[in-house]
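Notes follow once the structure below has been shown.
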Amino acid sequence: MPEGHSIRHFANVHDDCFQGLTVKASSPQGRFDEGAEAIDGKTFVGTSTHGKHLFFHFAEHDHIVHIHLGLYGWFSVRKNRGGKPKQSARLRLENASFISELVGPTKCNYITTQELQTACAKLGPDPLHDDVDPQAMFDKIQSSKKSIASLLMNQSVVAGIGNVYRAELLFLEKLDPFMPGREVPSESLTNIWNNASVLMTDGATDGMIRTVAPQHLTEAEASDHKYNQYSYVYKRHTLPCRICGTTVLIGEVDGRKLYWCKKCQS
DNA sequence: CTATGATGGAAAC
DNA sequence: TTTCCCTCATAGC
C-alpha cells in the first residue's frame, strides 16, 4: 500500500510506458465523475509528484489528472495483451504496448495548473524531491508541542511519509515517538530527513519498502526475495526487537497504529 | 459465506 | 474525535 515511494514508483512506471504517446482513456468503473473523454486520445506528457499526490499531465488541455491512492488505491500496469478491462478500474489508460488500471483511489479528478500549485503549497517538503531545503519541516516540528510521531505523519509538515516509514525512521534514529517536536534535536531531524530520502528513493526504485539492514535480518529472511515485508518495528508488536530483544510495543496516535521499541527508543 | 482491517485523508459531529 | 469512502486479501464461521 502506498506511501510516497509508491507514488514516485508509479509515476516512473507511467513515464516509461506512456510519456510522449497518445493514450486511450476510459473509466470501466464509471466513477470518474468528470469523465475520461477529455483525455481520451490525448498525448500523455508526463507525471509529477509531491508526497502522496500524483499528477498526470496531458497535452493540449488544462486537464491535469490529480490522483491520491488513499489507504488502498493501487495501479496495475502491464503489457497490453488484450483482455477485458478490470471492472473496478476508476481510470484505465491504454496504448499499443501497455495498459494501466487504477483501482480504489481516494481521489482521481481533473485540476488546473493553478489548482495543482495550490494543492502542493499545502504540503511540506518531499524527501524524494532533489535539492529541497527541509528547514520548513524542521521549523514546524521544533515549534510544536505535538509528538514527533504525530508530526511525521502530518503531510503539511513533511510530505510522503506514512505509517510504515514513520515507525521505521523513528526506530533508526532511536527516538522516543512521544517526544514533543520542540524537544527534538536538529541533528535527529537531519538524520530522519536524510534517512527518509535514501530509503524512499530506494523504495521508489524497487516499488517496495525496505528498511532493515541485511545484517539485522535472519538467514531465512535474507534469503526470502520478498524481504520487503520485514521491518524493525512496524507490525512487530509482541515480537522481540531485532536489536535488543525487548518486546516491541503497539500504541495509537491520531487514530493510527504506532509501533516502537521502548528500550532502543528512549 | 460475512467480517475485518490496511502503508490515508476529508468531512461531519 | 468519530465517521465515512474507495477495494481486496485474509480470518473466521
Side-chain angles (χ1 to χ4, degrees), chain A residues 1-11 27-34 36 49-55 65-78 85-92 100-109 111 115 118-124 126-128 146-147 149-172 177 192 195-196 199-212 226-238 248 250-260:
Chain A
M1 313 298 136
E3 298 188 20
H5 72 295
S6 303
I7 278 55
R8 187 63 250 166
H9 176 75
F10 287 131
S27 178
Q29 179 213 36
R31 299 182 76 160
F32 189 165
D33 295 335
E34 298 150 303
T49 64
H50 194 137
K52 300 169 187 172
H53 296 254
L54 171 60
F55 305 97
V65 180
H66 181 193
I67 293 165
H68 195 294
L69 295 179
L71 192 51
Y72 38 72
W74 205 247
F75 284 98
S76 166
V77 184
R78 58 192 185 279
K86 189 174 177 59
Q87 282 309 296
S88 60
R90 180 79 58 84
L91 175 63
R92 177 188 159 98
S100 160
E101 289 175 325
L102 166 63
V103 167
T106 285
K107 182 186 286 288
C108 174
N109 56 262
I111 58 171
E115 288 167 330
T118 302
C120 292
K122 294 175 184 168
L123 299 169
D126 182 343
L128 282 173
K146 290 184 178 173
S147 68
S150 174
L151 291 162
L152 286 183
M153 286 278 282
N154 184 332
Q155 300 300 300
S156 71
V157 172
V158 53
I161 293 175
N163 209 11
V164 179
Y165 279 121
R166 175 200 32 199
E168 298 292 280
L169 288 166
L170 286 170
F171 178 85
L172 286 166
I192 287 173
N195 276 335
L199 293 175
M200 293 174 73
T201 298
D202 288 349
T205 301
D206 299 347
M208 62 180 71
I209 297 176
R210 285 180 298 112
T211 58
V212 184
K226 293 192 300 182
Y227 63 101
N228 61 301
Q229 66 189 284
Y230 304 116
S231 62
Y232 282 111
V233 289
Y234 178 73
K235 278 194 174 172
R236 292 261 305 170
H237 57 299
T238 74
V248 175
I250 184 171
E252 202 167 297
V253 170
D254 299 337
R256 307 299 302 281
K257 296 277 197 287
L258 172 71
Y259 306 85
W260 81 106

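The chains referred to below are lettered A, B, ... by the order of the sequence lines, with proteins before strands, and numbering in each begins at 1. Quick caveat, the model's predicted, so the values are computed rather than measured.
When the C1' atom of B:dT7 is taken as reference, atom OH of A:Tyr230 falls 18 Å away, rounded to whole Å. Rounding to whole angstrom units, CD of residue A:Glu101 and C1' of C:dC8 are separated by 15 Å. The interatomic distance linking A:Glu252 (CD) with B:dT7 (C1') rounds to 15 Å, in whole Å. Per the geometry, CG belonging to A:Leu91 stands 14 Å off P belonging to C:dT7, to the nearest Å. Going from atom CH2 of A:Trp74 over to atom C1' of C:dA9 covers 14 Å, rounded to whole Å. In this structure, CG of A:Asn154 is placed 17 Å from P of B:dT7, rounded to the nearest angstrom. Atom P of nucleotide C:dT7 and atom CD of A:Gln87 are separated by 12 Å, given to the nearest angstrom. Taking atom CZ of residue A:Phe75 and atom C1' of nucleotide B:dT7, one finds them 16 Å apart after rounding to whole Å.
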Next on the checklist: Between A:Tyr232 and A:Val248, is the side-chain contact (heavy atoms from CB on, under 4.5 Å) condition met? List the steps.
Outcome noted: CA-CA 9 Å; A:Tyr232 282 111; A:Val248 175; over 6 Å; no
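Considering only side-chain N and O atoms, A:Lys86 lies under 4.0 angstrom from the phosphate OP1 or OP2 of C:dC8. The side chain of A:Tyr165 places no N or O atom within less than 4.0 Å of a non-bridging phosphate oxygen (OP1 or OP2) of B:dT7.
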Item to check | B/S/- contact track for nucleotides 8-13 of chain B, protein heavy atom under 4.0 Å | outcome: BS----
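Taking the six-membered ring for Trp and thresholds of 30 and 60 degrees, A:His68 and A:His53 have ring planes more than 60 degrees apart, a perpendicular arrangement.
Residues A:Glu168 and A:Val233 meet the side-chain proximity criterion, which asks for heavy atoms closer than 4.5 Å. By the 4.5 Å heavy-atom criterion applied to side chains, A:Lys235 and A:Val164 are not counted as neighbours. Put simply, the side chain of A:Arg92 does not reach to within 4.5 Å of the side chain of A:Gln29, judged on heavy atoms. When side chains are defined from C-beta on, A:Lys52 counts as touching A:Gln155, because their heavy atoms get closer than 4.5 Å.
Taking OG of A:Ser231 as the reference point, atom CZ of A:Phe171 lies at 9.5 Å (rounded to 0.5 Å).
Across C:dT1 and B:dT7, the matching C1' atoms stand 22 Å from one another, rounded to whole Å. For the P atom pair drawn from B:dC13 and C:dC5, the interatomic distance equals 12 Å after rounding to whole Å. Taking atom C1' in both B:dG9 and C:dA9, the straight-line distance is 22 Å, to the nearest Å.
A:Arg166 comes within 4.0 angstrom of nothing in the nucleic acid, heavy atoms only. A:Glu168 comes within 4.0 angstrom of nothing in the nucleic acid, heavy atoms only.
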